[in-house]
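To start, the structure itself, in structure tokens.
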Amino acid sequence: MMKSDLNTGIRYLKGVGEKRAEAFAKLGIYTVSDLLNYFPRDYEDRRNTLQISKLRAGDKVCINAWVSSDIKTRSPRRGFSVTEFRAVDETGGVNIVFFNQKYSVEKLRAGNRYFFFGKVEERNGRLSMTNPTFESDDGTRQKTGAILPIYGLSAGLSADMLRSAMRMALSEFSAHIPETIPEDIRRKYKLAHVGYSYREIHFPQSFEELEIAKRRLVFEELFILSLGLMHLRGRRDNEHGIAMKDTDFSAFSDSLPFKLTNAQLRVVGEIANDLKGVRPMNRIVQGDVGSGKTAVAAAAAYLAQKNGFQSALMVPTEILAEQHYLSLRDELAKHGITCELLCGSMKAAEKRRVKELCKSGSVDLLIGTHAIISEDVEFKNLALMIVDEQHRFGVRQRASLAAKGNNPHQLVMSATPIPRSLALIMYGDLDISVIDELPPGRLPVDTLIVNDSKRADAYGFIKKQLDSGHQAYIVCPLIETEEDDDTELRSVEKFCDELSKTAFVGKNVEFLHGKMKQKEKDAVMRRFVSGEVSAIVSTTVIEVGVNVPNATVMAIENAERFGLSQLHQLRGRVGRGKEKSYCILFSNVTRFSTAGERLSALKATSDGFKISEEDLKLRGPGDFFGTRQHGLPELRIASFMSDMKILEAAKKEAAKIAEEDRGLENPEHIRLRERIVSMFNVEENKNSFN
Ligand code: ADP
Ligand code: MG
């Protein structure tokens with residue numbers, strides 16, 4: 001094995017082997033590098049060694065003492081053992097008790113000296129330690145007298161095993177971890193050496209040194225993230241895009257079946273203004289569910305087509321793509337604008353036809369799922385890319401779409417407001433538009449909180465809605481079970497079955513969940529859209545953007561398990577038509593619990609922006625800023641909330657490097673480039689580095 005190769009499989013580490021490697025794999029650790037980057041989630045300070053005379057009940061401390069009595073083990077019951085003895089030092093003695101540790105205590109010998117670490121308790125008036133960690137006093141101790149890292153573990157992998165593998169990896173490899181941060185930046189910000197940082201983050205000698213190590217690793221992570229994002233975005237401030245002419249869109253807005261709201265008009269105006277500039281547009285439109293983002297997207301595509309350019313609209317699901325296609329096709333056709341749909345599940349011949357049209361330039365607006373970023377889709381002159389429900393896409397997918405054109409203008413649409421700090425790093429020179437007004441005449445959705453005593457009535461009410469020809473969504477939470485991750489799916493299926501035999505007898509009820517094939521899911525949704533299915537029992541897979549105006553009930557089981565923003569999104573699926581709609585939250589929590597407050601907050605307001613603020617307050621930043629949600633790579637050590645200062649510095653330095661050496665071809669930057677590739681899991685192709 002090459003000592004310098006951090007990609008060495010974990011099973012080649014001494015003491016790991018094939019079997020244990022499987023347990024590591026469960027934690028996503030396959031290579032030495034993965035292991036070294038598996039950071040502790042906490043630390044325990046075991047440095048404090050006290051004389052026994054100084055012990056007090058409640059202390060968690062180390063003592064250095066010898067076993068001064070016989071070691072007696074008894075078994076009062078089958079499968080239960082108690083081991084007891086006395087340990088003394090020069091100042092006093094304590095009782096040591098072990099429960100069910102028959103085998104590990106076999107190593108202890110009366111008369112020998114050990115370090116014991118544990119919590120001191122008072123039992124029957126005497127001080128004692130229960131199940132302490134112990135090690136011989138022979139100069140090789142690792143678990144006592146030090147700050148110990150605490151790692152997340154998996155079945156088949158004990159804390160001791162993980163720590164010993166980590167020690168092994170550090171001692172053999174820490175000298176070979178490549179330094180990615182350029183020397184001058186390291187000096188400027190006083191960042192510690194890479195090898196030192198990895199050693200200290202895992203086995204810190206002091207909390208001060210831990211901080212130094214952490215600061216460096218946080219900087220590094222945010223630096224690589226920023227630089228990677230800059231590259232993936234594939235554009236700089238000084239790049240030139242396609243400047244369009246000043247274009248009047250009144251013909252388009254006049255032809256719509258409704259009058260655009262002032263907010264929509266303002267946002268379209270902002271977009272029109274961007275399109276005129278040489279600097280490519282990079283704008284996010286934030287608007288609550290139902291605020292009419294689709295019409296804004298259509299207006300943008302209209303402007304592009306009037307200037308002779310193509311647009312693309314990418315959405316996260318086939319059903320949504322189809323809906324956008326159906327609602328925009330006729331609207332745009334009035335103005336001589338051709339729309340086509342491209343989805344993965346379409347027939348090959350059909351896809352080929354659409355791709356040819358797209359390549360030849362006969363399609364003005366291509367609507368589709370991520371199928372439109374697949375390699376063989378080519379545009380003649382793509383000038384505008386629109387991404388709907390952006391939080392469902394990764395940064396990478398947006399970058400791939402951008403690479404299909406020549407610095408196309410980018411417009412992303414979101415129903416979830418993104419905090420400014422996150423927006424800045426995700427989009428760099430991002431501009432934000434807000435649609436802060438709903439179309440007039442919307443009937444507010446009645447929100448009801450229902451406990452078990454009223455359950456039957458509520459289902460009776462829903463049945464009446466179905467009888468009068470309306471439709472309903474019944475949403476069940478995704479219950480995560482450790483062992484069997486199919487339980488909840490069966491529960492959706494079972495619940496659906498139950499409802500069709502009881503409350504909804506005679507109605508066509510179908511289920512929908514994330515483990516179904518995309519094709520099956522789309523088929524169910526299509527039957528729902530067409531009205532063939534009256535009620536859908538599902539997990540939150542229906543959360544995103546579908547529009548079924550005839551659906552008047554959103555019923556949510558165990559509503560207390562959902563986040564506030566998520567509940568709001570779900571509620572946004574109803575109240576889209578002319579009929580009064582209802583959101584029924586089934587829950588038995590009291591009004592005064594946190595979950596109860598969440599439900600009351602939802603009942604009290606229909607303003608999505610207020611709701612996100614409230615959500616942030618109630619949930620705390622940790623959950624809200626989950627990077628996954630925003631399509632960013634997972635951060636291992638840094639946090640957007642607590643590391644803002646470092647983020648700014650890292651971003652500034654990344655921008656400088658991106659400017660000096662855009663391809664990261666300078667030998668000094670090779671390591672950086674490798675790290676970016678692995679962080680973003682990208683192929684090193686022309687899309688990411690050009
Ligand atoms: P979202 O912002 O959630 O994507 P949509 O674009 O799907 O919202 O719009 C929701 C509904 O509102 C659609 O049926 C759309 O036709 C309608 N709509 C959009 N703008 C207006 C408007 N200005 N006046 C009336 N109805 C509108
Ligand atoms: Mg939408």
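Taking CZ from F511 and CD from E493, the interatomic distance works out to 4.0 Å, rounded to the nearest 0.5 Å. In this structure, CG in N588 is found 10.5 Å from CZ in F586, a value given to the nearest 0.5 Å. Rounded to the nearest 0.5 angstrom, L313 CG and Y325 OH are separated by 13.0 Å. A distance of 7.5 Å separates CZ in R598 from CG in L567, rounded to the nearest 0.5 Å. Rounded to the nearest 0.5 Å, atoms CG (D288) and CD (E437) are 12.5 Å apart. The CG atom of D522 lies 9.5 Å from the CE atom of M516; values are rounded to the nearest 0.5 Å.
Checking S453 against N451 by side-chain atom types alone, a donor-acceptor pair falls below 3.5 Å. Under the 3.5 Å distance criterion, with hydrogens and angles disregarded, no donor-acceptor pair is assigned to the side chains of N508 and S534. A donor-acceptor pair shorter than 3.5 Å can be found between the side chains of S433 and E270.
Side-chain contact between E331 and P257 is present, with at least one heavy-atom pair separated by less than 4.5 Å. Inter-residue side-chain proximity for S581 and L443 is flagged as unmet; no heavy-atom pair is nearer than 4.5 Å. No side-chain heavy atom of E318 sits less than 4.5 Å from a side-chain heavy atom of K521. Put simply, the side chain of L384 does not reach to within 4.5 Å of the side chain of P408, judged on heavy atoms. In this structure, the side chains of V537 and V509 come closer than 4.5 Å at one or more pairs of heavy atoms. Contact annotation: the side chain of I150 approaches that of R41 to within less than 4.5 Å [non-hydrogen atoms, C-beta and beyond]. Put simply, the side chain of R455 reaches to within 4.5 Å of the side chain of E557, judged on heavy atoms. Considering only heavy atoms from C-beta on, S606 stays 4.5 Å or farther from V445 through its side chain.
Residue I367 forms a side chain to side chain contact (heavy atoms under 4.5 Å, CB included) with just one option from I386, I372, D388, L328, and that option is L328. With Y582 as reference, Q465 is the one residue of R571, Q465, H470 to meet the side chain to side chain contact (heavy atoms under 4.5 Å, CB included) rule.
The pair E356-R353 fails the salt-bridge criterion, with no side-chain N (NZ, NE, NH1 or NH2) lying under 4.0 Å from an Asp/Glu carboxylate O.
With a 6.0 Å radius and a threshold of 12 heavy atoms from other residues, nucleotides or ligands, K259 has its NZ atom at or below the threshold. More than 12 heavy atoms of other residues, nucleotides or ligands lie within 6.0 Å of NZ in K26, so this atom counts as buried by the packing criterion. Few gaps surround NZ on K507; more than 12 heavy atoms of other groups in view lie less than 6.0 Å from it.
Pairing each heavy atom of S253 with each of L260, the nearest pair is CB-CD1, 3.8 Å. Taking every heavy atom of both residues into account, L341 and C343 meet most closely at CD1-SG, 4.0 Å. Nearest heavy-atom pair, G28 versus D34, reported as atom, atom and distance to 0.1 Å: O-OD2, 3.7 Å.
By the ring-ring contact (aromatic ring centres under 6.0 Å, His included) test, F24 is found to be paired with no residue, residues two or more places apart in sequence or in another chain being considered. In this structure D330 satisfies the salt bridge (charged side-chain N to carboxylate O under 4.0 Å, His left out) test with no other residue, sequence neighbours excluded. In terms of the salt bridge (charged side-chain N to carboxylate O under 4.0 Å, His left out) criterion, K603 has no residue partners (sequence neighbours excluded).
With hydrogens and angles ignored, the 3.5 Å screen pairs a side-chain donor or acceptor of T317 with a backbone N or O of L320. With hydrogens and angles disregarded, no donor-acceptor distance shorter than 3.5 Å links the side chain of S311 to the backbone of L365. Without hydrogens or angle criteria, K293 side chain to G287 main chain gives a donor-acceptor distance under 3.5 Å. A donor-acceptor pair under 3.5 Å is formed between the side chain of K580 and the backbone N or O of P444. A donor-acceptor contact shorter than 3.5 Å links the side chain of Q264 to the backbone of G292.
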>> Using salt bridge (Lys or Arg N to Asp or Glu O under 4.0 Å), reason through D254 and K334 one step at a time and then give a plain yes or no.
In response: CA-CA 11 Å; D254 291 347; K334 293 180 198 163; over 6 Å; no
> Does the pair L256 and F252 meet the rule for a side-chain contact (heavy atoms from CB on, under 4.5 Å), with working shown?
Replying inline: CA-CA 7 Å; L256 288 171; F252 173 73; 4.0 Å; yes
>> side-chain contact (heavy atoms from CB on, under 4.5 Å), that's the test. Do H568 and L602 meet it? Break it down for me.
In response: CA-CA 7 Å; H568 178 66; L602 186 77; 4.1 Å; yes
>> Working note: Y151 + L157, criterion side-chain contact (heavy atoms from CB on, under 4.5 Å); need CA distance, chi angles, decisive distance, verdict.
In response: CA-CA 11 Å; Y151 298 98; L157 196 63; over 6 Å; no
> Checking side-chain contact (heavy atoms from CB on, under 4.5 Å) for the pair K351/L342: CA distance, chi angles, key distance, verdict?
Replying inline: CA-CA 6 Å; K351 280 195 265 193; L342 187 67; 3.8 Å; yes
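Classification of the Y459-F504 ring pair by plane angle, with boundaries at 30° and 60°, yields tilted.
Note: F249 and Y302 fail the aromatic proximity criterion, with ring centroids not under 6.0 Å apart.
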